[in-house]
There are 2 protein chains.
Amino acid sequence: MSPVTRNQVAEYAGVSTAVVSYVVNGGPRAVSPAARERVLEAIRVLGYRPNATARALKVGSTRTFGLITPDGGNPLFAELAKAIDRAAAERGYVVLQTSTDGDPATERAKVAELLARQVSGLVLVTPSEAPDLAGAELPVVAVNRMLPGVSSVGPRYREGARTAVEHLIWHGHKRIALVVGAGGAEREQGWRDALGEAGLSADVVERVGFGREGGYEAGLRLVGRRTGVTAVFASSDLQGVGLLRAFHEAGVEMAVVVFDGTPEAEYCWPPLTVVRQPVEVMAAEVVRQLVEGVVPEAVAFPAELVVRRSCGC
Amino acid sequence: MSPVTRNQVAEYAGVSTAVVSYVVNGGPRAVSPAARERVLEAIRVLGYRPNATARALKVGSTRTFGLITPDGGNPLFAELAKAIDRAAAERGYVVLQTSTDGDPATERAKVAELLARQVSGLVLVTPSEAPDLAGAELPVVAVNRMLPGVSSVGPRYREGARTAVEHLIWHGHKRIALVVGAGGAEREQGWRDALGEAGLSADVVERVGFGREGGYEAGLRLVGRRTGVTAVFASSDLQGVGLLRAFHEAGVEMAVVVFDGTPEAEYCWPPLTVVRQPVEVMAAEVVRQLVEGVVPEAVAFPAELVVRRSCGC
DNA sequence: TTGAAAGCGATACCAT
DNA sequence: ATGGTATCGCTTTCAA
C-alpha cells in the first residue's frame, strides 16, 4: 500500500484535485461547505498526508532551516539548537539539524546536502569556513563566529571575558591564568583588558582544545608548573569542567570562571561561576534574520555574569 | 538569480536533459567522454546543484532518516544521535534530527512533519507513545523504549543495573538506594535482583525525573532522611550528577553508580562509575534495521561496567 | 550514444 | 464554486 495521493482524495470525494488543494491549504479559492466536508472526510478515511516534497518542488520553498553544529554533544550547541528550533517553530519553520564532528569536509558535505534539499535558510554554528553557496540565494547566519559576507550572531565575547576576569580580580586574585581554545581571540583580549587595567601581568596562557579534555590538559599543566596562579578564566564550560577535574585530582584550590553557561557548568562541583551566553536572545535573532532575509550584519549580545561557587563567592 | 536547473545545464552543454542526468547519476546509460566533459564543464560554470526535492519526488525515496529525541541537550541522546548519524552516513543516508522537549504533542507533530518529508526511516529515542504512521510504510525503530509493533533497540537494562548494584554490594554496602525515573522499571528490577540475591532489603527508592534536577532532588531527600544508606544506584548519568551535587552540599560521603555512561559522567567529581550503554553498537543496529527494513524485533545489547571513583574503587 | 517525453504529487491560474 | 491543466526539476523508458 503506497502512500495516498491527492488524486485519490479527489476521486473519493468526487471533486477535482484543485478543490482538495484549496481545502488543505485554506485557499487561495473558497470552497463550498459541502465540498469541504466531503474532502475532509476523504482525507480522514484514506489517511491522506500531503507530500511535502512535491509541495516544495511546486512552490519553491520548504519553510525549513538547516542547522549545522560541529558537535551535537557539546551542551552549548545543544542549547542553541533547542532554542533555535523553538524560535523557528513559532514562526512556522522546521529546523533540520546535523553535525560535522568538527571536520571541514563533513561540514562542506552537510552544507551541500541541505542546499540540495532546498532549505530556506542556513544556520552555521562556529563553522570552520565560509560556506560554498554556489549561487544559491538564501539567508545564512553564522553563530559564535564571524565569516566574510555572512551574517553573524554571538555574545560580546571580549566584554564578557573582561567582566569575568574583573570578578576574579575583585576577589583579590593577582595571578590569573587564561585557558583558551582556537578562535578565542576576543575572549583572550577581554582577559588582557581586565588584567591590564588592574596592572596585573597577563602571562599565563594555556592554549588547548575547547572540550573537557582540553581543560583537563590545561589543568594538569597549571598544577605542574607552580606559577603562583590562584585563579583561571577558561573560554568554555567544558574546559572549566576539565580544569576542575585536574584540580580535584591534585587537591589544589583554584578559583575558576568560564564562558558559556550551560547546565553542565551548574551541576559540576563546585558549581561554575560563568559568563552566560544569552542563548534565547541569540536564537531569536538568528531566526529573525533568517525569516526576514536581512542583509548580512553582525549582531552581538551582552553576556551576563552568573555567580556560583567556583570563583570563591 | 534563481537556482540553476538541469535544463540550463543541458542547454549550455548542448545535450539533452537525459544526458545530464546520466552524467550526474553515473547511469543508467553510458555517456560518451566528449558529452560527459561538456556536461561537467557546464555544471561547473553554471554552479549547478541538483534539486534533491525534485529527485525525491521522482524516485520516491529520499535516502534520509528522521531522528526524534526528547531533548538534544541530554548527553546520552546527543551521543546516540551522533553515532546514528555516523552509521547512516556510512550507508549513504542522511539523518535529519529534531527534538520534542519531551512533549507528546510536539512529538506527534514532528513525526508528521518527517513523514510528510518522505523520510525513508524513522528513529524515535525514548518516544512517549507509538507513532501515528497513518498508513505510511517505512521502517521505524524505537531506541531505549519498547513500543507495540515497532522495532526496538536498547541496552539490557535489567542485567546492567544488576551488575552495577552487585558491584556496590561487592564494596560491602548493605543499604543501597535506588534513584529512578519514569520508565525505569527494568533498571529497578535489576536493582531488586541484586539486592534480593544478596539478601539485602530493597526499600529505599526515590522516584524522580531523569535529569540533573531529579537527581539533586533525590539527593536532598536521601541526605535528609538518614536511612543508613551508604550507596546509591541511579538510572541515569544526569541523575548521578545531581546526586553528587546534593552530597557535596551536605558534605556526606556516598557511593554512586549510574546507568548510561556519557562523557559528562566521566568529568564530574568524583568521576562516576557507570554501566555504559553500548551506543556505537546500538547505533549500528538501528541503522541496519532501517536500511534493511526488517520486520519489527526487539534487540538488546549488554551494558558494560566502567569503574571510576564514585563507587569507592 | 542520445533525445523525446511521460510522470512523480501538488499548486494555482484560466475557464466555466 | 469548481474543473481542467500547465508547471515545478528530475529520472528513465522507449525510439531513433
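Labels below follow one simple rule: chain letters A, B, ... track the order of the sequence lines, proteins then strands, and each chain is numbered from 1.
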Roughly how many Å is it from CG in B/Leu57 to P in D/dT11, rounded to a whole number?
11 Å

Interatomic distance, B/Lys58 NZ vs C/dA5 P [rounded to whole Å]:
15 Å

Give a yes/no on whether any side-chain N or O of B/Tyr48 is located under 4.0 angstrom from OP1 or OP2 of D/dC10.
yes

Hey, are A/Glu41 and A/Arg38 close enough for a salt bridge, meaning a charged N less than 4.0 Å from a carboxylate O?
no

Considering just the side-chain nitrogens and oxygens of A/Asn25, establish if one lies under 4.0 Å of OP1 or OP2 belonging to C/dT11.
yes

Would you please confirm or rule out a distance under 4.0 Å between OP1 or OP2 of D/dA1 and any side-chain N or O of A/Ser32?
no

With a 4.0 Å cutoff (strictly under), does any side-chain N or O of A/Thr5 reach OP1 or OP2 of C/dC8?
no

Can you check whether any acceptor in the base of C/dC13 is under 3.5 Å from a donor in the side chain of A/Tyr22, or vice versa?
yes

CD of A/Glu11 versus P of D/dG3: gap in Å, rounded?
13 Å

Separation of C/dG7 P from A/Asn7 CG (nearest whole Å)
12 Å

Could you give the CG-to-C1' distance, from A/Asn51 to C/dA10, as a whole number of Å?
8 Å

Rounded off to whole Å, could you give me the CD-to-P distance for the B/Gln8 and D/dG9 pair?
8 Å

Answer with base, sugar-phosphate or nothing: what part of the nucleic acid does A/Thr17 contact at a heavy-atom distance below 4.0 Å?
base

May I ask you to decide whether B/Lys110 forms a salt bridge with B/Glu107, counting only side-chain N to carboxylate O separations under 4.0 Å?
no

Under-4.0 Å salt bridge between A/Glu113 and A/Arg117:
yes

Atom CD of B/Gln8: over 12 foreign heavy atoms under 6.0 Å:
yes

Classify the nucleic acid contact of A/Ala35 as base, sugar-phosphate or nothing, counting any heavy atom under 4.0 Å across all strands shown.
sugar-phosphate

Just call it for A/Val15: base, sugar-phosphate, or nothing, with non-hydrogen atoms closer than 4.0 Å on any strand.
sugar-phosphate

Between C1' of D/dT2 and CZ of A/Arg38, the distance in whole Å:
11 Å

Under 4.0 Å between a side-chain N or O of B/Arg6 and OP1 or OP2 of D/dG9?
no

Taking for each residue the nucleotide of DNA chain C bearing the nearest heavy atom, is the 5' side occupied by A/Arg55 or by B/Pro33?
B/Pro33

Of D/dC8, C/dT2, D/dC10, the nucleotide closest to the side chain of B/Ala54 is D/dC10

Could you check how far CG of B/Leu46 sits from C1' of D/dG9, rounded to whole Å?
15 Å

So which heavy atom on B/Arg91 is nearest to which on B/Arg63, and how close?
O-NH2, 3.1 Å

